[in-house]
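Data first, discussion second: the structure below is written as structure tokens.
Along the sequence shown, the residues carry numbers beginning at 1. Just so you know, these numbers use all the heavy atoms, side chains as well, and skip hydrogens, waters and symmetry mates.
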Amino acid sequence: LVMELTDLVKASKVSNVQLVVDSGAPVVGSLLISTHHFMFTPTVPGTEIEMLLENIEEREVRPCVGVRGQTLTIKCRDLRRFAFIVPSEDIAAVVATIDNLSIPANPTWLFPFFFKPRTTGPDGWSTYVLEDEYRRMGLPNESWRLSRTNLSYSTTPTYPSLLIVPAAVDDHELGDAAKYRMSQRFPALVYLHSKNGVPIFRGAQPLVGTYQRRDHADVKIFREILNTCSEKSGEKGLLLDMRTAGEAEQDRAKGGGCEMEEQYFKWRRVFAGLETLGTLAECFVRHQQALADPDGSLVTDESSWMRFVQTALSSALVVSNQVHRSTPVVVVCGSGRDLSAVVTSLAQVLLDPFYRTTYGFLALLHKDWLSLGHAFSTRMGHYGPRSPKERSPVFALFLDCMWQLLRQTPAYFEFSPRLLEILFDETQTMQYGTFLFNCEQERVVYEAEKLTPSLWSFLSAPVIRAAVTNPCYAPAPDWIRPCIRSQYLAPWTALFARWQPAREAHEEIVRGVEAMAARRDALRAEADRLEAELLAMR
């Protein structure tokens with residue numbers, strides 16, 4: 001395999017390359033390209049550039065007027081951009097190497113299968129186990145059972161092998177319900193509130209179609225969800241559909257659609273109103289362009305990215321509010337793998353202080369994003385042909401929403417925004433195997449746990465753990481409620497505009513102010529605690 005990859009390197013070293021900089025003369029140096037790395041080393045010692053070839057999102061070659069060479073512009077997945085003037089006789093070989101190796105046809109060609117980090121920490125692959133998280137929530141119990149119907153991944157290929165379902169629903173009925181949902185993703189439990197026992201479920205849209213198909217097993221799942229909460233609430237359950245009503249109607253013409261009210265009359269359906277994943281991707285690009293605009297003529301609000309952030313947070317607040325009021329919630333989206341994951345994960349962060357610890361947050365990612373099958377490789381374009389229709393920054397949307405929460409209530413989280421930045425970079429550049437592949441089954445087939453290192457091992461190292469820990473952490477009450485009005489939300493410039501030179505000094509000031517605000521909140525919390533103790537003594 002190494003020899004096969006080596007044959008794809010058409011240019012391993014190119015001299016007399018010029019790095020174009022924003023101000024001043026170009027920097028002369030050499031390009032060094034290996035099977036996985038792209039490096040620029042200046043002739044005079046200075047700043048070097050090193051990245052994984054898989055980090056290269058796009059490349060463009062243009063003639064360079066007045067210089068013997070051609071301009072190679074590289075756009076990186078981690079949002080960096082570079083321009084090099086490459087000698088004309090070498091440009092074809094450099095471009096061929098980038099094209100051969102930046103988008104590997106085979107996932108086993110990716111860097112995680114070759115990376116051997118020097119770590120002494122625990123094995124990250126065994127740090128988080130889905131059954132352990134189920135047990136933490138008190139599952140299974142008399143109302144909810146652990147189903148092994150998907151052990152061979154035949155019922156739902158993109159679900160984990162173990163699932164929590166209503167105890168009154170047998171495996172045969174789960175199989176029938178799977179056939180009624182897109183991607184065979186029937187509603188599955190993702191969270192059970194520790195105090196009132198109210199669940200949150202996730203699933204895909206039903207395959208109703210123009211003939212208005214119905215399925216008794218699917219209806220039974222919804223009925224049994226309510227039955228477990230019959231003593232806790234007399235209200236209808238909440239069925240939150242992440243789509244717009246118009247999009248749901250369009251999906252019905254394609255064989256999908258939404259649940260028929262006469263069959264699910266004990267559920268109140270609400271459309272969250274989030275547009276398609278393609279629109280999300282377009283908004284993300286416009287948002288980056290607005291943040292990178294040097295004269296500030298582009299307004300970030302016009303990109304509509306912040307509207308996605310606001311709607312996702314608003315939906316999560318609705319879900320957490322309903323659960324707090326003892327109302328069960330089922331969240332659905334088209335495939336059941338994308339926007340529903342964003343909202344249910346955020347809702348759990350709002351409801352459960354465990355998920356606001358570092359360990360708990362990573363356990364949440366393992367459960368709701370990795371085990372429950374968010375299609376990371378498809379949405380990020382990690383390997384194979386990159387389909388623009390399938391790619392979308394869903395996980396980046398979740399991280400941005402998390403950053404908004406940390407920005408508003410920094411003292412309530414054990415981790416700092418640095419952890420979110422590491423997670424964003426890893427999903428883009430892929431050094432570890434954690435976010436590789438689309439579901440648990442694919443990770444089993446490609447032996448990811450055996451052949452690739454885990455990001456969790458890296459994050460467990462003491463020096464890294466210290467770097468992502470919030471020194472002002474003060475655990476909050478069980479339920480937190482963020483402000484979701486637009487004036488309380490802000491662009492995440494520390495990540496999305498971090499490579500803009502003009503912003504470096506400004507961001508340093510912002511980080512200092514945020515650290516002081518976090519310290520202030522921690523001191524206020526401590527003062528409140530001491531005051532309560534003093535009153536109790538009186």
Side-chain angles (χ1 to χ4, degrees), residues 121-122 124 127-128 133 136 309 312-313 316-317 320 342 345-369 395-427 434 455-484 488-498 504 506-530:
T127 301
Y128 301 99
E133 185 55 17
R136 189 192 69 85
V309 171
L313 285 169
L317 190 57
S320 66
V342 174
S345 298
L346 291 171
Q348 292 171 73
V349 171
L350 298 180
L351 285 165
D352 197 331
F354 172 70
Y355 293 130
R356 299 194 287 272
T357 66
T358 304
Y359 182 90
F361 182 65
L362 298 183
L364 176 71
L365 297 184
H366 177 82
K367 172 174 64 76
D368 283 61
W369 291 84
F395 191 63
L397 173 64
F398 169 68
L399 293 178
D400 197 335
C401 292
M402 283 297 306
W403 180 79
Q404 304 293 335
L405 297 179
L406 266 70
R407 177 176 174 270
Q408 289 191 21
T409 55
Y412 292 169
F413 292 85
E414 186 185 21
F415 52 91
S416 70
R418 179 62 187 138
L419 176 60
L420 306 180
E421 294 169 9
I422 291 174
L423 292 169
F424 175 84
D425 285 339
E426 174 56 23
T427 57
T434 302
L455 177 67
W456 308 149
S457 299
F458 170 75
L459 292 175
S460 67
V463 63
I464 303 302
R465 186 65 182 265
V468 303
T469 296
N470 175 16
C472 301
Y473 173 54
D478 291 346
W479 185 29
I480 61 173
R481 284 158 286 186
C483 298
I484 57 174
Y488 293 102
L489 306 178
W492 191 5
T493 54
L495 177 68
F496 297 140
R498 58 182 161 168
E504 292 180 358
H506 171 72
E507 290 304 324
E508 186 65 30
I509 296 173
V510 170
R511 283 192 291 270
V513 172
E514 289 181 344
M516 288 188 289
R519 179 59 178 164
R520 178 203 61 198
D521 291 342
L523 291 173
R524 284 178 177 174
E526 180 65 12
D528 291 342
R529 185 185 67 80
L530 293 174

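- To the nearest 0.5 Å, atoms CG (Leu459) and CG (Leu423) are separated by 6.5 Å.
- Proximity of a side-chain donor or acceptor of Arg407 to a complementary backbone N or O of Trp492 within less than 3.5 Å is not detected.
- With sequence neighbours excluded, the residues that form a side-chain hydrogen bond (donor to acceptor under 3.5 Å, both in side chains) with Gln348 are Lys367, Asp368.
- Shown here are the ring-ring contact (aromatic ring centres under 6.0 Å, His included) partners of Tyr359, two or more places apart in sequence or in another chain: Tyr128.
- One distance of note links CH2 of Trp456 with CG of Leu362; it measures 5.0 Å at 0.5 Å rounding.
- Atoms OG1 and CZ, from Thr493 and Arg498 in turn, are 12.0 Å apart once rounded to the nearest 0.5 Å.
- Residues forming a side-chain hydrogen bond (donor to acceptor under 3.5 Å, both in side chains) with Tyr355 (at least two apart in sequence, or on another chain): Glu133, Arg136.
- By the 4.0 Å N-to-carboxylate-O rule, Arg356 lies too far from Asp478 to be salt-bridged with it.
- A pairwise comparison of heavy atoms in Tyr488 and Gln404 identifies O-OE1, 4.5 Å as the closest pair.
- Taken to the nearest 0.5 Å, the CG atom of Leu365 stands 8.0 Å off from the CG atom of Leu399.
- Atom SG of Cys401 and atom CG of Leu313 lie 4.0 Å apart (nearest 0.5 Å).
- Not counting sequence neighbours, the partners of Phe413 by the ring-ring contact (aromatic ring centres under 6.0 Å, His included) test are Phe415.
- Considering only residues two or more places apart in sequence or on other chains, Arg418 meets the salt bridge (Lys or Arg N to Asp or Glu O under 4.0 Å) condition with Glu421.
- A pairwise comparison of heavy atoms in Ala467 and Ser416 identifies O-OG, 4.0 Å as the closest pair.
- Between the side chain of Thr409 and the backbone N or O of Leu406, no donor-acceptor pair lies under 3.5 Å.
- The minimum heavy-atom distance between Gly124 and Ser457, with the atom names listed, is N-OG, 2.6 Å.
- The side chain to side chain contact (heavy atoms under 4.5 Å, CB included) search around Pro482 returns Leu317, Leu350, Leu405, Gln408, Ile484, not counting sequence neighbours.
- The line from CG of Leu397 to CG of Leu346 is 8.0 Å long, rounded to the nearest 0.5 Å.
- Contact check for Pro475 versus Pro353: no side-chain heavy atoms found under the 4.5 Å cut-off.
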For Phe398 and Val309: C-alpha separation, side-chain torsions, deciding distance, then whether side chain to side chain contact (heavy atoms under 4.5 Å, CB included) applies.
CA-CA 8 Å; Phe398 169 68; Val309 171; over 6 Å; no

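- Judged as a side-chain hydrogen bond (donor to acceptor under 3.5 Å, both in side chains), and not counting sequence neighbours, the contacts of Trp369 are Ser345.
- Residues Ser320 and Trp479 have side chains that bring a donor and an acceptor to within less than 3.5 angstrom of each other.
- Residues Trp403 and Leu495 fail the side-chain proximity criterion, which asks for heavy atoms closer than 4.5 Å.
- Taking every heavy atom of both residues into account, Leu489 and Cys483 meet most closely at CD2-O, 4.0 Å.
- The two atoms that bring Val342 and Ala312 nearest to each other are CG1-CB, 4.1 Å, heavy atoms only.
- Shortest non-hydrogen contact noted between Glu414 and Thr358 is OE1-N, 2.9 Å.
- Each salt bridge (Lys or Arg N to Asp or Glu O under 4.0 Å) pair with one or both residues in residues 466-476, not counting sequence neighbours, would appear here, but there are none.
- Residues meeting the salt bridge (Lys or Arg N to Asp or Glu O under 4.0 Å) test with Arg465, sequence neighbours left out: none.
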